[in-house]
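Here the structure is a predicted model, which is why all the values come from computation and not from measurement. Sequence lines set the chain letters: A, B, ... in the order given, protein chains first and strands last, and positions in each chain run from 1.
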Amino acid sequence: MTDFFKSVFAVLAARGLQAVIVAIIVGIVSFAMMHALPGDAAYRIAAGRYGYDMMDAAAAEAVRLELGLDNPWMVQLWDWLGQLAQFDLGNSLVYGTPVVDEIATQLGYSLLLAGGAVVASLIIALPIGIATGLAPNGLLDRVTLGLSVFLRAVPAFALGIVLVLIFAVQLKLFPVAGFRGLENLILPSFTLGIGLAAVSNRVVRDAVVDAMNSDWQMFARTKGLSARLTLTRHVLRNASLPVVTYVGVQLAYLIEGVVIVETVFAWPGIGHALVHAIFGRDIAMVQGTALTLGLLYVALNLCVDLACRGIDPRERV
Amino acid sequence: MERANTLSATIMPPSPAKRRPAQMLGYAMMAGLAIAALGGPALIGADPAKQSLLATLQSPSIAHPLGTDHLGRDMAARLLSGAQLSLSLAFLSVITAGLPGAILGVLAAWFGGWTDRILGAFADAVLALPGLLLVLMLAAISPGSWWALYAGISLTLWVEYFRYTRQRARISLAEPSVEASRMLGLGPWLLVRRHVIPEIGPGLLTIAAFGAATAVTSVAALGFVSVGIRPPTAEWGVMMTELLPYWREAPFLILQPVACLVITVLALHLSVGGLRRL
């Protein structure tokens with residue numbers, strides 16, 4: 001048991017370090033964005049505070065002194081990261097509201113979409129993977145292989161456009177964009193889910209083929225266990241480990257997909273907000289949303305690590 | 001029982017002969033794309049920027065083989081111009097990510113110790129964020145700039161080459177044959193050339209093809225969300241955003257850049273045996 005806790009602690013430490021690195025990278029890039037903006041930051045902030053008509057050079061100088069904008073950039077970067085370390089994300093430069101409040105509402109939508117995408121990918125990948133794994137190199141297997149290769153080459157946002165054109169515009173089955181109810185969730189979830197399933201159905205298939213080929217499967221059959229019971233009790237359980245491990249590999253695709261697909265469907269989540277903030281030069285929002293997405297990535301990875309240790313005792317050593 | 005027996009015969013990886021048609025198709029598509037990218041709009045003698053507001057959203061005709069967009073610009077010329085932009089950026093990013101990545105990988109494997117640790121930490125830092133998110137952030141430092149996009153993509157992709165090269169080079173440098181060559185007094189350059197490069201070459205090609213596909217996709221994705229290349233430059237992602245409002249009048253127009261993007265990525269995947277790395 002102590003070994004188990006030791007390995008869990010190692011996972012926590014590694015992912016904690018990753019979270020710190022994410023925060024530092026996001027902080028440095030946002031700081032660079034701030035400094036790449038044309039014009040004098042002190043004037044811009046003073047104008048934002050007092051209004052464009054009410055400010056003058058003296059006000060700008062006061063702001064410069066107050067915020068330390070005349071310090072060398074190394075000192076400014078240190079202060080910037082210091083604020084980040086205190087979870088002070090500041091206010092949105094466009095909306096004027098605290099960034100944390102904006103993110104709190106958006107995060108729920110993004111998690112909903114990510115969850116929907118994973119569920120959609122499992123709905124597609126599990127039946128196909130099991131069916132092809134039980135009859136490898138059959139007709140279905142070869143057709144799904146070709147389809148998987150093709151769908152893997154289709155970027156998520158291009159797939160989204162095509163799905164919108166077919167299912168929302170031509171067939172009018174689902175709403176095109178926005179969020180009014182759960183019917184809005186279906187198209188974006190399947191857009192991401194199909195991309196995930198294009199690879200994961202092959203992982204399921206290979207896992208099932210391996211399990212069906214194993215000695216213990218043969219033993220279960222020879223001792224008289226029916227084919228159905230062997231499948232449900234032994235094969236699928238053993239095949240689930242590579243599948244869960246693979247979800248971890250797909251997390252990067254999922255987070256990237258959320259950013260772009262939310263924009264296609266005008267989904268009110270964090271990815272959409274990040275893209276909007278970059279377009280509107282709202283640096284506080286860029287920093288907040290990018291940091292949240294990065295930390296979400298770390299947190300989901302941590303969940304997968306721990307799940308793998310939970311399923312497979314061999315990982316605990 | 002009988003199922004297990006048939007399986008053991010079928011679980012073998014497909015023979016190279018079976019994979020060849022797909023790979024040949026990939027090569028053919030790559031050759032077509034290379035011609036399109038090298039020739040660009042000059043191939044059909046049309047100007048991708050020339051507007052004609054009296055001939056907008058036209059169906060394909062002899063004058064405009066793929067029709068015209070919402071400003072009456074020739075679609076074929078714009079797609080070719082987009083191919084030029086995406087593929088040249090992808091090709092350059094393969095070089096600027098692949099060479100440093102592979103060289104640093106060999107150095108990390110050769111010296112080990114602190115060199116290895118520092119380079120590894122740097123690679124881990126890049127991998128801490130999902131790739132596209134990092135490209136998006138780096139490109140956002142200076143939106144609309146080709147250079148920011150290019151630098152962001154290269155900086156994100158070198159890690160793949162580095163990690164692969166480091167791992168394979170460590171294995172091949174530990175082999176008895178290398179030790180024997182070393183005791184014969186052969187220099188490091190010769191060892192790397194004779195023992196490491198033949199070992200990592202094919203794998204690097206695969207990484208390069210997938211990296212190029214990632215680069216093309218990233219350029220289009222960022223263009224699509226209005227963070228990458230800016231209009232009026234003809235770029236596939238930008239064209240999708242521009243043509244999306246006209247899906248009702250001319251659905252065939254929006255599908256053209258989508259098809260170009262899919263064909264390019266598919267060609268890159270197939271040419272290195274995309275079936276294998278699924």
Side chains of B:Leu129 and A:Ile21: closer than 4.5 Å at any heavy-atom pair? no
Check each atom of B:Ala213 against the heavy atoms of chain A and say whether the ones under 4.5 Å are side chain, backbone, both or neither. neither
Looking at side-chain heavy atoms only, is the closest gap between B:Leu266 and A:Val149 below 4.5 Å? yes
Within 6.0 Å of OH in B:Tyr164, more than 12 heavy atoms from elsewhere: yes
Can you say whether A:Leu159 sits under 4.5 Å from chain B via the side chain, the backbone, both, or neither, judging by heavy atoms? neither
Non-hydrogen side-chain atoms of A:Tyr253 and B:Leu132 separated by less than 4.5 Å: no
Sort out for me which of A:Ala158, A:Pro155, A:Gly146 touches chain B most, counting heavy-atom pairs under 4.5 Å. A:Pro155
When A:Val286, A:Val29, A:Leu274 are compared by non-hydrogen pairs under 4.5 Å with chain B, the top option: A:Val29
Looking at every heavy atom in both B:Pro130 and A:Ala252, which two are closest together, and how far apart are they? CB-O, 4.0 Å
Under a 4.5 Å cutoff for heavy-atom pairs, which residue among B:Leu127, B:Leu261, B:Leu255 has the most contacts with chain A? B:Leu261
Out of curiosity, A:Thr289 OG1 to B:Met137 CE, how far, rounded to the nearest 0.5 Å? 8.0 Å
May I ask you to name which of A:Val259, A:Ile161, A:Ile25, A:Thr263 has the most heavy-atom pairs under 4.5 Å with chain B? A:Ile161
A:Arg152 and B:His269: which non-hydrogen atoms are nearest, and at how many Å? O-CE1, 4.1 Å
Side chain / backbone / both / neither for B:Ala139 at chain A, heavy atoms under 4.5 Å: neither
If I take atom CZ from residue A:Phe157 and atom CG from residue B:Leu222, how far apart are they, to the nearest 0.5 angstrom? 9.0 Å
Does the side-chain contact (heavy atoms from CB on, under 4.5 Å) test come out yes or no for B:Leu133 and A:Tyr297, once each step is laid out? CA-CA 11 Å; B:Leu133 194 58; A:Tyr297 178 60; over 6 Å; no
CG (A:Leu165) and CD1 (B:Ile254) are apart, to the nearest 0.5 Å, by 6.5 Å
So which of B:Ile141, B:Leu138, B:Leu134 has the biggest tally of heavy-atom pairs under 4.5 Å with chain A? B:Ile141
